[in-house]
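Quick notes on the structure that follows.
We name chains A, B, ... by the order of the sequence lines, and we start the count at 1 in each one. Note: hydrogens, waters and symmetry copies are ignored here, and every other heavy atom, side chains too, is used.
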There are 2 protein chains.
Amino acid sequence: MSKLLPLLSPSATHSNAPSAPLSAEDAVDLAAAFKALGDPVRLRLVSLIAAHEGGEACVCDLTGAFDLTGPTISHHLKVLRLAGLITGERRGTWIYYRVQTEVIGHLAEILAPTTTPLAPTCTPEESDLPA
Amino acid sequence: MSKLLPLLSPSATHSNAPSAPLSAEDAVDLAAAFKALGDPVRLRLVSLIAAHEGGEACVCDLTGAFDLTGPTISHHLKVLRLAGLITGERRGTWIYYRVQTEVIGHLAEILAPTTTPLAPTCTPEESDLPA
DNA sequence: GAGTGATTTCGATGACCGTCTATCCCTGCT
DNA sequence: AGCAGGGATAGACGGTCATCGAAATCACTC
């Protein structure tokens, strides 16, 4: 995954923004991720997984929230997985899904590069993603 | 526009996240916005407009960046406009488009509610979200 | 007010997407 | 080994979307 450029410059509202526009290739990459989020079911799936205890959920925890068949849920989970937004791990009978928070956080940064762009006093204590 | 709940709780990585999952209606709203961003052309359009001098651009500034016909660009601009992501204002012959930074910033917040959640040392020297 | 350039709207077409039913794979249990 | 259940895959169908060419709209100019 590349380090994409921000969509909006930190103060795009009132300046002649110098942030370079997205390259065509980066746009394809990014659009794939946003397209994966561009479905209410998938959005709720991500939300449900993130909100579930331990930050992970198995399919049986998710299907109940929708009026959809199992294969349809499975299809949406696959789309999210191929987009790199979630990961699935089999533990025994069940498959547990987990949100790739760094990827989604990355998308958020591209949309709005941290309303507080580069505050050096801020040390984001992250980087505990087991990949 | 409603004040939607965040997709990820601030520390969803390592906690049994208490943030409530999206409601079905909110998900429909949100998904529409992300779907609008789920196309490379539209993503680049937003980026180009944001990066253009003064934060606004007319169609004539945009068409050159693509190998697409005028109507196609116009179609994508319309999709973005209907999604509330940009606004168009006619000034004389040309129509100038501008990015709705608040809306996009809102999307970013929903994706990742400030990766550095509540750092008091970080003084976000802006907070002009009028919505 | 007719001409010209910029932009949108209108239909049409081909591709893609979401959903379903039916079937298959994997794991754990008897 | 056989069976049951969670979950994924395959194939199909209907709807939506991206793109185009052509026509219509808008605004400035002569």
* Structure fact -> Heavy-atom contacts, protein to nucleotides 12-22 of chain C, under 4.0 Å, summarised as B (base), S (sugar-phosphate only) or - (none) per nt, yield -----SSBBBB
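Tracing side-chain contacts under 4.5 Å through hydrophobic residues (I, L, V, M, F, W, Y), one never reaches A:Val79 starting from A:Tyr96; they form parts of separate clusters. In this structure, A:Trp94 is not a member of the same hydrophobic cluster as A:Ile49, with clusters built from ILVMFWY side-chain heavy atoms closer than 4.5 Å.
Scanning all heavy atoms of the two residues, the minimum distance from A:Gly84 to A:Val103 falls at O-CG2, 3.6 Å. Nearest approach of B:Leu77 to B:Ile86, heavy atoms of both residues: O-CD1, 3.6 Å.
The side-chain heavy atoms of B:Leu48 and B:Tyr97, taken from C-beta on, include no pair separated by under 4.5 Å.
Look at CG on A:Leu62: it is 15 Å from C1' on D:dA8, rounded to the nearest Å. Rounded to an integer number of Å, the gap from B:Arg91 CZ to D:dC28 P is 12 Å. For B:Ile73 and D:dT19, the CD1 to P distance is 8 Å, given to the nearest whole Å.
Considering CD1 of B:Ile95 and OG of B:Ser74, their distance stands at 8.0 Å, rounded to 0.5 Å. Considering CG of B:Leu37 and CD1 of B:Ile104, their distance stands at 6.0 Å, rounded to 0.5 Å. Between A:Thr69 atom OG1 and A:His75 atom NE2 the span is 10.5 Å, to the nearest 0.5 Å.
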Which pairs, protein N/O on one side and nucleotides 4-7 of chain C N/O on the other, fall under 3.5 Å?
unit_1, atom_1, unit_2, atom_2, d
C:dA6, O3', B:Trp94, NE1, 3.4
C:dT7, OP2, B:Cys60, N, 3.3

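Of the side-chain N and O atoms in B:Lys78, one or more sit less than 4.0 angstrom from OP1 or OP2 of C:dT9.
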